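Each remark here refers to the structure printed beneath this line.
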Amino acid sequence: MRGLLASFLLLAAALLAGPARAAAPADEGALQRGVEAAAAGRYEEALRIFDGVARASPDRPEGPFFRAAVYQLLKGHFELPEYKQGLLDNAARVLALTEESGRRQPLDAEAQLLAGLTRGMLAVEALNDSRFIEAFLEGRRMVALLERALALDPALADAQYGLGVYRVRRAQLFWLRPFLGHEREEGVRMLRRAAEGGRWMGTLARVDLAWALYREERYDEARRELAPLIARYPDQPLYRAARAEGFFLQRDYPRAREEFAALRRGLAEREDAFSRLYARFAQWRVARCDYALGRYAEAQRAAREVAEAPDLSSSLLRQVRRGAAEMLERLGSPASAARP
């Protein structure tokens, strides 16, 4: 009888404990500090914070997820092997941890969220490498995971971010655009919900929302979305460049020139790679505005400086240098050999 009772108690304890002990939650305060550092453009600090989260909670996916996200942002600006490897290594770790978490706790909405957003990162990476079938498949995996996360927790605003980006970008494909207006608007609504209520993705959602509004030529609305980011992070050039770019896309060349010239002046004394990249991009936009306004001598001088400047391992600056060289040819002044 005692043996039967002992067996029953052991079985009850096992049932109460579940199939496996859930990993302790990651340090939310540290995660928020890391997210804030990344939003402010302090990427090395953000990586250190997320590395600490990963070491403190090795069974949780949050640390490697945010490291992967920072590496993806860095790689989007500078094509360095260490950034790509950091993205891929951390993404693989996230997927391994969320798969294990899914076996233990199949109703864990947060694990579905992080797995889905990681699949989204890998879809972008595949697209950048022209692996279009893989990008499509990763995108579908992302959608399935994020929709499952929302089904488990409808208040999970961060899941709206990935789904909103997917809907907006799919609807803006040339051959689908006439048929998916409703999809585009739903994507914009989802990005807005994520921007206003996201736990971690609010800043990214607001930036993507602004760009989605630009594509719809809703320029004033887009600038209103960027305004709180510019006010909160005055030293982060990304948001100010996005605002200035809106005036350029709107063909308000005098205002765009003013905005980009001010951005370049503000970055003149800063030596970090991001500041140098955005200062050079701002100089190119000033040259483009001068050209559009008929100020050809000023445009020529700026274009020559841009064409001869180093590209900082940035695909954006490589495009800028090619554009500057083409402008010089149009103005009858071929660019000299640009430095690597």
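Note that the numbering runs from 1 along the sequence shown for the chain. Just so it is clear, the model here is predicted, and its values are computed rather than measured.
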Self-check item: All ring pair (Phe, Tyr, Trp, His ring centres under 6.0 Å) counterparts of Phe136, not counting sequence neighbours
Solution: none

Practice problem: Quick one: list whatever passes ring pair (Phe, Tyr, Trp, His ring centres under 6.0 Å) with Phe247, sequence neighbours left out. | Solution: none

Taking NZ, NE, NH1 and NH2 as the nitrogens, is one of them in [X] or [Y] under 4.0 Å from a carboxylate oxygen of the other?
{"X": "Glu196", "Y": "Arg192", "value": "no"}
{"X": "Glu221", "Y": "Arg218", "value": "yes"}
{"X": "Glu45", "Y": "Arg48", "value": "no"}
{"X": "Glu99", "Y": "Arg103", "value": "yes"}
{"X": "Arg169", "Y": "Asp208", "value": "yes"}

Would you check if the side chain of [X] reaches a backbone N or O of [Y] as a donor-acceptor pair within less than 3.5 Å?
{"X": "Ser57", "Y": "Ala54", "answer": "no"}
{"X": "Thr118", "Y": "Leu114", "answer": "yes"}
{"X": "Tyr214", "Y": "Ala242", "answer": "yes"}
{"X": "Arg270", "Y": "Asp235", "answer": "yes"}
{"X": "Arg276", "Y": "Glu271", "answer": "no"}

Quiz item: Can you tell me how far CG of Leu146 sits from OH of Tyr166, rounded to the nearest 0.5 angstrom?
Solution: 11.0 Å

Practice problem: Determine whether Leu137 and Leu95 fall in the same hydrophobic cluster, where Ile, Leu, Val, Met, Phe, Trp and Tyr are linked whenever their side-chain heavy atoms lie under 4.5 Å apart. | Solution: no

Quiz item: Of the non-hydrogen atoms in Ala303 and Ala324, which two are nearest, and what is the gap between them?
Solution: O-CB, 3.4 Å

Quiz item: What closest approach, in Å, do Leu226 and Tyr239 show between heavy atoms, and which atom pair accounts for it?
Solution: CD1-O, 4.4 Å

Quiz item: Strictly by modelled atom types, are Arg280 and Gln283 linked by a side-chain donor-acceptor pair under 3.5 Å?
Solution: yes

Quiz item: Can you name the residues that form a salt bridge (Lys or Arg N to Asp or Glu O under 4.0 Å) with Arg141, not counting sequence neighbours?
Solution: Glu138

Contacts under 3.5 angstrom, residues 78-87 side chains, donor-acceptor by atom type, not counting sequence neighbours:
residue	atom	partner	partner atom	Å
Glu79	OE1	Arg318	NH2	2.1
Lys84	NZ	Asp129	OD2	3.3
Gln85	NE2	Asp89	OD1	2.8

Quiz prompt | Pairs flagged by side chain to side chain donor-acceptor pair (under 3.5 Å) wherever residues 145-160 is involved - sequence neighbours left out | solution = Gln112-Arg148, Gln160-Arg193

With sequence neighbours left out, what residues match [X] under side chain to side chain contact (heavy atoms under 4.5 Å, CB included)?
{"X": "Arg93", "result": "Pro64, Leu97"}
{"X": "Glu28", "result": "Leu31, Gln32, Arg199, Trp200"}
{"X": "Ala69", "result": "Met121"}
{"X": "Pro234", "result": "none"}

Can you list everything that forms a side-chain hydrogen bond (donor to acceptor under 3.5 Å, both in side chains) with [X]? Sequence neighbours excluded, please.
{"X": "Arg251", "answer": "none"}
{"X": "Ser314", "answer": "none"}
{"X": "Glu326", "answer": "none"}

Exercise. Please check if the distance between the ring centroids of Phe281 and Trp284 is under 6.0 Å.
Key: no

Quiz item: Between Tyr278 and His77, is the ring centre distance below 6.0 Å?
Solution: yes

Quiz item: Side chains of Met201 and Leu117: does their closest heavy-atom pair fall under 4.5 Å?
Solution: yes

Quiz item: Is Glu245 close to Trp211 at the side-chain level, that is, under 4.5 Å between some pair of heavy atoms?
Solution: yes

